[in-house]
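Quantities reported herein were computed from a predicted structural model and do not represent experimental measurements. The chain is numbered in sequence order, starting from 1. Worth knowing before you read on, the calculation uses all heavy atoms, side chains too, and leaves out hydrogens, waters and symmetry mates.
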Amino acid sequence: MSTLTLQDGTTLFYKDWGSGQPIVFSHGWPLCADAWDAQMLFLGPRGYRVIAHDRRGHGRSEQTWDGNTMDQYADDLAQLLEALDLRDAVLVGHSTGGGEVARYIGRHGTARIAKVVLLGAVTPLMLKTPGNPDGVPKEVFDGIRRSVQENRAQFFKELPASFYGFNRLGAKVSEGLRDAFWLQGMNAGIKPVHDCIAQFSETDFSEDLKKIDVPTLIVHGDDDQIVPIEASARRAAQLVPNAVLSVYPGGSHGLAQIEVERFNHELLRFVIEG
């Protein structure tokens with residue numbers, strides 16, 4: 001296992017495979033680096049160094065009681081990039097990981113970064129507010145908090161239905177993917193998972209997005225039941241200078257696992273061509 005001891009003493013697990021231009025992946029909630037296996041296995045043999053970490057409190061990283069904040073997630077990512085001395089890196093963030101990537105740039109800039117990919121990202125703001133009328137009502141997130149606290153095992157059994165669009169007519173359900181989601185979620189610490197709900201739902205990344213000054217690809221499914229596209233990708237594309245928005249018709253939140261071939265090739269093309 002590859003681990004990094006962060007400045008506050010927290011142990012962070014990461015995978016670091018291959019050689020070449022680095023592509024760094026940040027996963028969604030409540031998952032871990034394993035969610036990116038299909039992308040890492042695709043890009044590694046094609047001449048890229050692929051890196052993915054388990055966010056603090058998730059997967060094989062230390063189950064932290066404190067410090068489960070978006071600012072800290074971004075600073076942890078910065079420490080990883082610095083420890084590995086990564087340069088000309090492509091940052092790829094899914095869902096909460098997209099917020100982590102945006103906040104990293106907001107706090108640390110793009111000196112080490114060549115390109116950015118936001119996939120089903122929670123940016124710029126998920127929460128419904130007077131200024132964000134297309135967002136998700138706070139009551140929904142309060143319900144998620146209750147479900148995690150009272151019976152997260154059952155909640156993580158049920159969540160893949162909407163996460164991957166398995167509840168749609170004609171959808172091909174993968175029991176293996178459902179099991180993998182449950183296993184990754186249950187491997188995370190309950191306190192970090194609970195804390196993270198407020199971080200991915202209530203953090204406003206608008207100013208962070210405006211600071212992204214490298215080529216950016218925003219990918220989103222228009223049937224994303226977890227992060228509705230109107231309040232996220234369509235708004236983010238207006239805030240990131242010269243961003244390219246790629247919409248997958250009928251696409252779910254879990255595009256990296258459901259539309260593996262299409263997303264992998266689009267990601268590769270963007271890394272090569274920009």
Side-chain angles (χ1 to χ4, degrees), residues 14-28 33 36 39-40 42-44 46-53 55 70-125 200 203-220 227 229 232-248 255-256 262-274:
Y14 66 95
K15 304 177 184 185
D16 184 358
W17 301 336
S19 60
Q21 183 181 11
I23 303 177
V24 183
F25 296 89
S26 293
H27 64 80
W36 294 111
Q39 285 68 50
M40 296 175 74
F42 175 77
L43 292 166
R46 287 169 168 78
Y48 295 95
R49 181 180 178 185
V50 288
I51 300 156
H53 66 289
R55 185 170 300 114
M70 192 58 66
D71 285 353
Q72 187 62 61
Y73 301 155
D75 292 350
D76 292 350
L77 179 59
Q79 290 179 60
L80 179 63
L81 267 64
E82 291 164 8
L84 299 180
D85 194 24
L86 302 181
R87 300 181 185 279
D88 196 32
V90 179
L91 295 185
V92 184
H94 172 239
S95 197
T96 299
E100 179 181 294
V101 165
R103 182 52 52 92
Y104 165 84
I105 292 174
R107 289 171 69 82
H108 301 278
T110 56
R112 294 180 178 271
I113 309 307
K115 297 177 182 179
V116 168
V117 178
L118 301 177
L119 170 66
V122 297
T123 54
L125 174 63
F200 71 65
T203 303
D204 189 338
F205 300 96
S206 298
E207 295 306 312
D208 303 301
L209 293 174
K210 294 175 184 177
K211 295 179 181 178
I212 301 179
D213 57 1
V214 295
T216 302
L217 173 66
I218 299 175
V219 182
H220 217 98
V227 182
I229 190 172
S232 56
R234 296 201 191 280
R235 290 192 62 209
Q238 297 173 353
L239 294 172
V240 178
N242 302 313
V244 174
L245 175 61
S246 176
V247 178
Y248 286 31
L255 291 179
R262 177 178 177 182
F263 176 66
N264 282 356
H265 282 91
E266 182 166 24
L267 176 57
L268 177 61
R269 185 168 58 253
F270 176 71
V271 171
I272 295 172
E273 302 174 359

Task: Side-chain donor/acceptor of Glu100 to backbone N/O of Gly93, under 3.5 Å - done: no
Open item on the list: Which heavy atom of Leu217 sits nearest to which heavy atom of Phe270, and what is that distance?
Closed with: N-CZ, 3.6 Å
- [ ] Keeping the roles fixed (side chain from Lys115, backbone from Val90), state whether a donor-acceptor pair exists under 3.5 Å.
- [x] no
Open item on the list: A side-chain contact here means heavy atoms from C-beta on lying under 4.5 Å apart; do Arg49 and Leu86 qualify?
Closed with: yes
Open item on the list: Working to the nearest 0.5 angstrom, can you tell me the gap between Tyr248 OH and Arg262 CZ?
Closed with: 4.5 Å
- [ ] Decide yes or no for Val24 and Leu77: does some side-chain heavy atom of the first lie under 4.5 Å from some side-chain heavy atom of the second?
- [x] yes
Open item on the list: Please verify the inter-ring angle class for Trp36 with His94; under 30° counts as parallel, over 60° as perpendicular, anything in between as tilted.
Closed with: perpendicular
Task: Side-chain touch Ile51/His53, heavy atoms, less than 4.5 angstrom - done: no
Open item on the list: Using 0.5 Å steps for rounding, measure from the OH atom of Tyr48 to the CD1 atom of Ile272.
Closed with: 4.0 Å
Task: Flag for His108-Glu82: side-chain donor and acceptor within less than 3.5 Å - done: no
Open item on the list: If you compare all heavy atoms of Asp208 against all heavy atoms of Ala102, which two are closest, and at what distance to 0.1 Å?
Closed with: CB-O, 3.2 Å
Open item on the list: In the structure I gave you, are the side-chain heavy atoms of Val122 and Phe205 within less than 4.5 Å of one another anywhere?
Closed with: yes
Open item on the list: Testing the basics here: between Thr216 and Val214, what is the closest heavy-atom pair and its distance to 0.1 Å?
Closed with: OG1-O, 2.9 Å
TODO: Taking the side chain as every heavy atom from C-beta outward, state whether Arg103 and Thr203 have any atom pair closer than 4.5 Å.
DONE: yes
- [ ] Report the distance from atom CD1 of Ile218 to atom CD of Gln238, rounding to the nearest 0.5 Å.
- [x] 9.5 Å
Task: Separation of Phe25 CZ from Gln39 CD (nearest 0.5 Å) - done: 6.0 Å
Task: Closest heavy-atom pair and its distance - Val50, Gly44 - done: CG1-N, 4.0 Å
Task: Reference residue Ile105; test side chain to side chain contact (heavy atoms under 4.5 Å, CB included); the match among Val240, Ile212, Leu209 - done: Ile212
Open item on the list: Whether the side chain of Gln21 engages the backbone of Asp88 through a donor-acceptor N/O pair (distance < 3.5 Å, no angle test) should be reported.
Closed with: yes
- [ ] Would you check, one step at a time, whether the test side-chain contact (heavy atoms from CB on, under 4.5 Å) holds for Leu81 with Arg87?
- [x] CA-CA 8 Å; Leu81 267 64; Arg87 300 181 185 279; over 6 Å; no
Open item on the list: If I take atom CG from residue Leu255 and atom CG from residue Asn264, how far apart are they, to the nearest 0.5 angstrom?
Closed with: 11.5 Å
Open item on the list: Could you check whether Asp75 and Gln79, counting side-chain N and O atoms only, form a donor-acceptor pair closer than 3.5 Å?
Closed with: no
- [ ] Could you pull out the closest heavy-atom pair between Pro124 and Ala236, with the gap in Å?
- [x] CD-N, 3.9 Å
TODO: For Asn242, look at atom CG and say whether over 12 heavy atoms of other residues, nucleotides or ligands are found less than 6.0 Å away.
DONE: no
Open item on the list: When you compare the side chain of Ile113 with that of Tyr104, does any pair of heavy atoms fall below 4.5 Å?
Closed with: yes
Open item on the list: Looking at Arg234, is its backbone amide N or carbonyl O close enough to the side chain of His220 to form a donor-acceptor pair, meaning the two atoms are under 3.5 Å apart?
Closed with: no
Task: For Thr123 against Gly99, the heavy-atom pair lying closest together - done: CG2-CA, 3.9 Å
Open item on the list: Check whether Phe42 forms a cation-pi arrangement with Arg46 (NZ or CZ under 6.0 Å from the six-membered ring centre, at most 45° off the ring normal).
Closed with: yes
Task: Asp76 side chain near Arg55 side chain, heavy-atom distance below 4.5 Å - done: no
